[in-house]
Asks: 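First, the structure itself, so that you have it in front of you.
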Amino acid sequence: QVQLAESGGGLVQAGGSLRLSCAASGRTSSIYVMGWFRQSPGKEREFVGAIYVSGSNTYYADSVKGRFTIFRDNAKNTDYLQMYGLKPEETAVYYCAAKRGPGLKEYDYDYWGQGTQVTVSS
């Protein structure tokens with residue numbers, strides 16, 4: 001089993017930045033890909049981006065490309081989602097997720113964190 005714990009959410013003004021963290025524990029050696037998702041009230045969960053844990057390859061949703069960056073600290077088993085230029089419509093609960101199989105574009109994740117709230121005020 002793998003446990004994921006997000007942190008770093010909060011309130012930010014439109015155009016501002018925020019960095020989320022996702023600390024993984026447990027059988028982290030089984031993880032191939034780490035991903036980030038978000039869900040706003042009344043909307044379906046939306047993919048944000050993903051990264052291979054063994055390297056720096058990343059993949060982002062078009063809506064965040066150029067503004068969000070995912071990176072890892074392997075020594076800490078921690079992933080980060082750095083967000084710039086946040087928009088009010090990006091207010092959501094942000095989740096990190098992990099999967100045992102390859103593929104940055106497939107959303108078959110095995111483990112999920114509890115989520116952290118990001119609120120962007122206008």
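Counting begins at 1 with the first residue of the sequence. Computed from heavy atoms alone, side chains included, the values below leave out hydrogens, waters and symmetry copies. Not measured: the values here are computed from a predicted model.
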Asks: Would you find a donor on one side and an acceptor on the other, under 3.5 Å apart, between the side chain of Thr116 and the backbone of Tyr94?
Replies: no
Asks: Using a 4.5 Å cut-off on heavy atoms from C-beta on, say whether the side chain of Met83 contacts that of Val118.
Replies: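 A side-chain contact under 4.5 Å exists here.
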Asks: Which heavy-atom pair separates Tyr95 from Gly113 by the least distance, and what is that distance?
Replies: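 So the minimum-distance heavy-atom pair works out to CD2-O, 3.6 Å.
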Asks: With clusters defined by side-chain heavy atoms of hydrophobic residues (ILVMFWY) lying less than 4.5 Å apart, directly or transitively, does Val53 cluster with Tyr59?
Replies: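 Looking at the clustering, Val53 is in a separate group from Tyr59.
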Asks: Can you list the steps and then say if Tyr84 with Gln82 is a side-chain contact (heavy atoms from CB on, under 4.5 Å)?
Replies: CA-CA 7 Å; Tyr84 295 102; Gln82 178 68 54; 3.3 Å; yes
Asks: For side-chain contact (heavy atoms from CB on, under 4.5 Å), just list the numbers for Asn77 and Ser25, CA-CA rounded to whole Å, side-chain angles, deciding distance to a tenth of an Å, and then say yes or no.
Replies: CA-CA 7 Å; Asn77 273 324; Ser25 60; over 6 Å; no
Asks: For the atom pair CH2 (Trp36) and SG (Cys22), what is the distance rounded to the nearest 0.5 Å?
Replies: 5.0 Å
Asks: Are Tyr80 and Thr69 close enough that some pair of their side-chain heavy atoms sits under 4.5 Å apart?
Replies: no
Asks: Would you say that more than 12 heavy atoms from the other residues, nucleotides or ligands in this model lie under 6.0 Å from the NZ of Lys76, or not?
Replies: no
Asks: For the residue pair Tyr60 and Lys65, what are the closest heavy atoms and their distance?
Replies: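 Smallest heavy-atom distance, with atoms named: O-CE, 3.6 Å.
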Asks: Quick one, Leu86 and Leu18 - any side-chain contact, counting heavy atoms below 4.5 Å?
Replies: yes
Asks: Which distance, rounded to the nearest 0.5 Å, do you find between the OH of Tyr32 and the OG of Ser54?
Replies: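 Result: 6.5 Å between the selected atoms.
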Asks: Measure the shortest side-chain to side-chain distance between Ile51 and Asn57 over non-hydrogen atoms and say whether it is less than 4.5 angstrom.
Replies: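 Counting from C-beta outward, Ile51 and Asn57 never come under 4.5 Å.
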Asks: Please report the interatomic distance CG(Asp62) to CZ(Phe47), rounded to the nearest 0.5 Å.
Replies: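 So the CG of Asp62 and the CZ of Phe47 are separated by 10.5 Å.
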Asks: Side chains of Phe68 and Ile70, heavy atoms from C-beta outward: is any pair under 4.5 Å?
Replies: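 The answer is no, as the side chains (C-beta and beyond) never meet within the 4.5 Å cut-off.
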Asks: Show me the pairs that pass salt bridge (Lys or Arg N to Asp or Glu O under 4.0 Å) and involve residues 27-39, at least two apart or across chains.
Replies: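 Every pair satisfying salt bridge (Lys or Arg N to Asp or Glu O under 4.0 Å) with a residue in residues 27-39: Arg38-Glu46, Arg38-Glu90.
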Asks: Looking at side-chain heavy atoms only, is the closest gap between Tyr52 and Pro102 below 4.5 Å?
Replies: yes
Asks: Which pair of heavy atoms, one from Ser40 and one from Thr91, lies closest together, and at what distance?
Replies: OG-O, 2.8 Å
Asks: For Ser122, is there any backbone N or O sitting under 3.5 Å from a side-chain donor or acceptor partner on Lys87?
Replies: no
Asks: Is it the case that more than 12 heavy atoms not belonging to Gln13 sit under 6.0 Å from its CD atom?
Replies: no
Asks: Output, in order, the C-alpha distance, side-chain angles, deciding distance and verdict of side-chain contact (heavy atoms from CB on, under 4.5 Å) for Ser21 and Glu6.
Replies: CA-CA 5 Å; Ser21 301; Glu6 303 97 334; over 6 Å; no
Asks: Please examine the side chains of Val33 and Leu104, heavy atoms only from C-beta on, and report whether any two atoms are closer than 4.5 Å.
Replies: yes
Asks: Checking side-chain contact (heavy atoms from CB on, under 4.5 Å) for the pair Val2/Ser30: CA distance, chi angles, key distance, verdict?
Replies: CA-CA 8 Å; Val2 173; Ser30 66; 3.9 Å; yes
Asks: Is the shortest side-chain N to carboxylate O distance from Asp110 to Arg100 below 4.0 Å?
Replies: yes
Asks: Can you tell me how far the CZ atom of Arg19 sits from the OG atom of Ser7, to the nearest 0.5 Å?
Replies: 11.0 Å
Asks: Can you list the residues that meet the side chain to side chain contact (heavy atoms under 4.5 Å, CB included) rule with Ala98, with sequence neighbours excluded?
Replies: Leu4, Ile31, Met34, Tyr111
Asks: Quick one, Phe71 and Asp79 - any side-chain contact, counting heavy atoms below 4.5 Å?
Replies: no
